[in-house]
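Accompanying notes for the structure given below.
Proteins come first, then strands; the chains are lettered A, B, ... in the order of their sequence lines, and each starts at number 1.
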Amino acid sequence: MAALGLRRAMAPVLTAIGLVALFALLVAGHRMTVATGQDIPLVFHHRAHGGYNCVTCHHDFLKPVVTPATHRTCIACHRETPQLAPIMRDQFHELCEGCHLNLQQQGRQAGPVHECRDCHARRPDIPAHGRLF
Amino acid sequence: MFLILPLCAAYSVFLLCFWPCGIMHLSTAWEVSMLCGFSALFFLLTLFALTGRPLPEPFFDGRFFLTLHRWLAWLFVGLVALHAGVVMWVDPQTLYDLWPSGAPGMQFGAAAALLAVVTPCLALQRVRRGLYATAAMFRRSHAMLAMAVLGASVFHVVATRVHVALWWQVWLCVGIAMVACMLPVGERWLLARVPTRRDGRRRRLHTAYLARGLVGVMLCVAASETVVFVLWRH
């Protein structure tokens, strides 16, 4: 009975501890797994981007980079470079989404902006360009 | 029904502040889902303004504000469920974000949704009596949970950058959330110091049905504004 009373009296403290634990778990879990995250299918229509300057995406054409990557694809290079892996998702979203958003704001035809399925899907008509995590 | 007009006006201003900036060609399902999310955030903010806690000397009797708070909370939970449900239905890829490596903005959104369901469940009378020794303890615990829901929701809105992307929108969103957190205490402090003017009127009894009516009206306003906004965008 005393234990029950103590638990009821401690309810606000337990709530605070629970909330801190929940958000700490989220942040710690994210930091620990962000570099090794899981695979999400990604399609990229290379031909549809033929009208744009190659170096917009292929920055290593002008300034060669040293990378431990075993494959010479955009995703592999970013994924296998330890410094880039944790920020890879943000970098790719910024590049693709940012460019599409700019075009949309200029009233021009543009690729997908926020709808996940437009890029992160298995499309039989477009060869997969890589697997993003 | 003195609350209907201010609530409808605040709701419209809230949507206008956060919605039309930036041209984004989203599908109808996404637009509906985003509007449900923004409506949910608005009703969450109203829960901070219209707390169910009576004043030391209440102007209105009965359970008007308590019933209003409870029904607004369920409306908020329903809109959150609709917001998450529609996005997951049209874009199941968002479920990838539930893994620890997912986008922080989405994970905080999921945490906010989880807490949004837990918080009103803990406030149910039977649960509340079993869990908390006194009303003050319940109030503190409920306030902490509510602030966690609001904080996580605002982080979700700002970090996902779907509609709140401009700097003034971000600061407005954060500012509104901070004011909302202080509102229950400030409002009570202020109202306790304002002299009560009854003008010979008697306190009205049995006002719970008015609260239910008000929530019904707000639900209709939210639904109709969703339709208007989606039609306007397409």
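Summarising the geometry, atom CZ belonging to B:F42 is positioned 9.0 Å from atom CG belonging to B:L72; distances are rounded to the nearest 0.5 Å. One distance of note links CG of A:L19 with OG of B:S141; it measures 8.0 Å at 0.5 Å rounding. Here the straight-line distance linking atom CE of B:M106 with atom OH of B:Y96 works out to 13.5 Å at 0.5 Å rounding.
Heavy-atom pairs under 4.5 Å with chain A were tallied for B:A111, B:A29, B:G102, B:P104; the largest tally goes to B:G102. Your options are B:Q93, B:H142, B:R140, B:R139, and the one with the most heavy-atom pairs under 4.5 Å with chain A is B:Q93.
The contact between B:L115 and chain A is made entirely by side chain atoms (from C-beta outward), counting heavy-atom distances below 4.5 Å. Heavy-atom distances place both the backbone and the side chain of A:L26 under 4.5 Å from chain B.
Below 30°, between 30° and 60°, or above 60°: for B:F138 and B:Y132 the angle between ring planes is above 60°, a perpendicular geometry. Using the six-membered ring where Trp is involved, A:H46 and A:F44 have ring planes that are perpendicular, over 60° apart on the 30 and 60° scheme.
Within 6.0 Å of CH2 on B:W171 lie no more than 12 heavy atoms contributed by other residues, nucleotides or ligands.
Along residues 80-92 of chain B, the residues that come nearer than 4.5 angstrom to chain A, judged on non-hydrogen atoms, are B:V90, B:D91 in order of number.
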- Task: Give the intermediate values and the outcome of side chain to side chain contact (heavy atoms under 4.5 Å, CB included) for residues A:C57 and A:L95.
- Result: CA-CA 8 Å; A:C57 303; A:L95 180 73; 4.2 Å; yes
- List the steps, then state whether side chain to side chain contact (heavy atoms under 4.5 Å, CB included) holds for B:S27 with A:R117. CA-CA 11 Å; B:S27 65; A:R117 67 181 180 278; 3.8 Å; yes
